[in-house]
Novice: 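After the C-alpha cells below, expect a handful of questions from me.
In listed order, ligands and their atoms are each counted from 1. Counting begins at 1 with the first residue of the sequence. We use all heavy atoms of the structure for the numbers below, so side chains are in, but hydrogens, waters and symmetry mates are not. Please read all numbers here as calculations on a predicted model, not as lab measurements.
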Amino acid sequence: MSTKASMNETPLGQIETILKDLRTSFKSGKTKPLSWRKKQIEQLYKMCDEQRELFASAANTDFARPITETYLYDCGVIRNECIHALNHLDEWAKDEYRSDSLAYATMSKYVHPEPYGTCLIIGAWNYPFNLTLLPLLGAIAAGNCAIVKPSELAPHSASVLTTMIGRYLDSSCIRVVLGAIDQTHALLKGDIDHVFYTGSTAVGKIVAKTVAEKMIPVVLECGGKSPVYVADDANIAVTAKRLAWGKTVNCGQTCLAPDYLLCSKATESRLIPEIIRAWRTFYTDNPVNSDSYCHIVNGRHFERLKKLIDTSKVIYGGEADANRNYISPTIMTNVDENDKVMQEEIFGPLLPIVTVQNEHEAIEFINARSKPLALYIFTSNNNLAKTIINSTSSGSTCVNDVIFQIAPPSLPFGGVGDSGLGSYHGKYSFDTFSHHRSVVYSATWSEPILSKRNPPYTKQKTAFMESLVKARRNWVPLPRIGGFWFWAFAALATAVITRVLVRGFRDDKWEF
Ligand code: NAD
C-alpha cells in the first residue's frame with residue numbers, strides 16, 4: 001500500500017488570489033440568499049450520493065479503509081446532515097425576536113445570524129470526507145464563502161475531494177487548497193474571517209496562536225485520551241462487543257475512540273475473553289487479510305504505535321507488519337499511568353487496561369488528566385452513571401456505548417479544555433459559522449422616559465433610571481413581554497377594560 005502518493009500541492013503564490021476571489025464573491029452578496037445556500041447543500045448531498053464509490057476507493061487506497069466505513073461514517077453521515085440542514089435552514093436563519101422585562105418594552109429586539117465572510121476549514125485525514133465536508137456544510141448553511149484544506153496524509157482522498165468540490169459546488173465561493181504546513185500557514189496569514197480546525201491538540205494550539213493577532217473566531221476540534229469505565233454490574237457481552245467495535249473501527253484512528261479502559265480486576269477477567277471473541281467474529285483470527293480491517297495511515301504512525309506496545313504486557317494481538325502498516329487488535333494488561341501507552345493519545349488498535357477498585361478511583365484517575373473528548377461509562381445503574389458524569393468533565397459522554405453519541409444531529413459535537421474549543425453538527429454547525437448580531441429598534445416616543453438618562457444628573461433622575469432597569473427576581477413565573485400568549489392576554493384585557501369604561505360593568509349583554 002502506498003501512503004506516499006504525491007499530492008498536487010497548491011502553489012503558495014496562488015493562495016492570495018484564491019482568497020481575493022472569495023472575498024469578491026462574498027462582498028457581492030451571492031452567498032447570503034437562502035436559495036444559494038440550499039442549492040449548494042443539495043449539490044453536497046448529490047456529490048456524497050453519486051461519488052461515494054470514488055470516495056470509498058480513495059480512502060481505501062490511502063489507508064486500506066474498508067469501503068463500508070466510508071459509506072457509513074463519511075458519505076452517509078454527510079447526506080443525513082444535509083437533509084437535516086435543508087429541513088431546518090429557514091428556521092435557523094430567521095431573526096430571533098427576544099422579550100425582556102418591562103424596562104425594555106419600548107425596544108423591538110432580535111438576534112440576526114450573519115455570515116462571517118471567508119471561513120477556512122482545516123481537515124484531518126482519518127475521516128477525510130466527513131471532517132472536511134460537515135464543517136463545509138455548516139459554513140454554507142450560514143452563508144459564508146469557504147476554503148477547505150484537507151490533510152496531506154490522505155492524498156488520494158484529498159485529490160478526489162478537490163475534483164468533486166470543483167465539479168459539484170460553486171467554485172466562485174468554495175475552493176480547496178492542497179498541501180501541508182506551508183499552505184496551512186499561508187492560509188492562516190491570509191484574508192480570512194473564521195478558522196475551523198480538526199486535528200491534534202498540539203497543532204490546534206499552533207493554529208490558535210497564529211490567528212490570535214487577527215482576533216477572528218477559531219474552532220478547535222482536537223483529540224486526547226478518551227477513557228472508558230466499566231462497572232462490575234455492566235452487561236459484559238454487550239460491553240465487550242461495543243468496545244471491540246469502537247477500538248478497531250477505522251483501526252482505532254477515530255478521535256472519539258475509547259482510548260484506555262478502567263475496571264476492576266474481576267471485570268477485567270470477564271471482559272477480556274468476550275472482547276477477543278468479538279474481534280475474532282469481526283475479523284477472523286487473521287485480521288491482516290480481512291477487508292473489514294483498516295490499516296495505519298503511514299509509516300510514521302505505524303512506528304509510533306509500535307513503540308507504545310509493551311510486549312511484556314500484551315495478552316492478545318501485538319502483531320505488526322511494516323510493509324502494510326498493519327497492527328492487529330491488541331490488549332495490554334497490568335498497565336499503569338507510567339506506561340508509554342498512557343502518555344499520549346493512542347489513535348490505533350491498542351487497548352490498555354488499568355485496574356481500579358471502584359468508580360471513585362476511576363473518577364480520580366480521569367480527573368487527574370486533561371479533559372477528554374469523550375468519556376464512556378458501562379453500567380446497569382443510571383445513578384452510578386450520573387455520579388460519574390457529575391464528578392468529571394468531557395466533550396461528550398455515552399453510557400453503554402461508544403462513539404455513537406456523535407450521530408444525532410440534535411447534539412453538539414466538540415471538546416472541552418485540551419480536547420477542543422467550540423462545537424458543530426446540526427444547528428450547532430449553523431451557529432458556529434454565524435455571528436449572532438444583536439439588533440435593537442428603539443421607539444422615538446419613549447424619549448420622555450429615556451431622556452432621564454441624560455446629564456445633568458440629579459438624584460431623582462438617577463433613582464428613576466435605576467428603578468427602570470433594575471433586574472428583579474421572579475418569585476413566581478411571570479409572562480414575558482411579547483410572544484403569542486402575552487399579546488393574546490393583553491388584547492383580551494384591553495377589550496374588557498374598554499368595554500367596562502364605555503358601557504359599565506352591570507350591562508346585560510357582554511358584547512364587544
Ligand atoms: P494533525 O494535527 O497532524 O493535522 C491536522 C491538520 O493540520 C492537517 O490538515 C495538517 O496539514 C495541518 N497541520 C499539521 N501540522 C501543522 C502545523 N505545524 N501548522 C499548521 N497546520 C498543520 O492531525 P491528524 O494526524 O491529521 O489527525 C489526528 C488528530 O486529530 C488526533 O489527535 C485526533 O484525535 C484528532 N482528531 C480530532 C477530531 C475531532 O473532531 N475532534 C477528528 C479527527 C481527528
Novice: Checking Leu54 now: which residues fulfil side-chain contact (heavy atoms from CB on, under 4.5 Å) with it, not counting sequence neighbours?
Specialist: Gln51, Val160, Met164
Novice: How about Tyr229 and Phe365: are their ring centres within less than 6.0 Å of each other?
Specialist: no
Novice: Please output the side-chain donor-acceptor pairs of residues 302-309 that fall under 3.5 Å, not counting sequence neighbours, one pair per line with the distance.
Specialist:
{"from": "Arg304", "atom 1": "NE", "to": "His301", "atom 2": "ND1", "distance (Å)": "3.1"}
{"from": "Arg304", "atom 1": "NH1", "to": "Glu344", "atom 2": "OE2", "distance (Å)": "2.9"}
{"from": "Arg304", "atom 1": "NH1", "to": "Glu345", "atom 2": "O", "distance (Å)": "3.4"}
{"from": "Arg304", "atom 1": "NH1", "to": "Ile346", "atom 2": "O", "distance (Å)": "3.2"}
{"from": "Arg304", "atom 1": "NH2", "to": "His301", "atom 2": "ND1", "distance (Å)": "3.4"}
{"from": "Arg304", "atom 1": "NH2", "to": "Ile346", "atom 2": "O", "distance (Å)": "3.0"}

Novice: Is there a donor-acceptor pair under 3.5 Å between the side chain of Asn144 and the backbone N or O of Ala139?
Specialist: yes
Novice: Let me know which protein residues bring a heavy atom to under 4.0 Å of ligand 1; chain then number is fine for ordering.
Specialist: Ile122, Gly123, Ala124, Trp125, Asn126, Leu131, Lys149, Ser151, Glu152, Ile181, Thr184, His185, Tyr197, Thr198, Gly199, Ser200, Val203, Ile206, Glu221, Cys222, Gly223, Cys255, Glu345, Phe347, Leu373, Phe413
Novice: Any Lys/Arg nitrogen of Lys38 or Asp90 sitting under 4.0 Å from an Asp/Glu carboxylate oxygen of the other?
Specialist: yes
Novice: Show me the donor-acceptor pairs within less than 3.5 Å that the side chains of residues 403-413 make with the rest of the protein, sequence neighbours left out.
Specialist:
{"from": "Gln405", "atom 1": "OE1", "to": "Ile403", "atom 2": "N", "distance (Å)": "3.2"}
{"from": "Gln405", "atom 1": "NE2", "to": "Tyr376", "atom 2": "OH", "distance (Å)": "3.3"}
{"from": "Gln405", "atom 1": "NE2", "to": "Ser396", "atom 2": "OG", "distance (Å)": "2.9"}

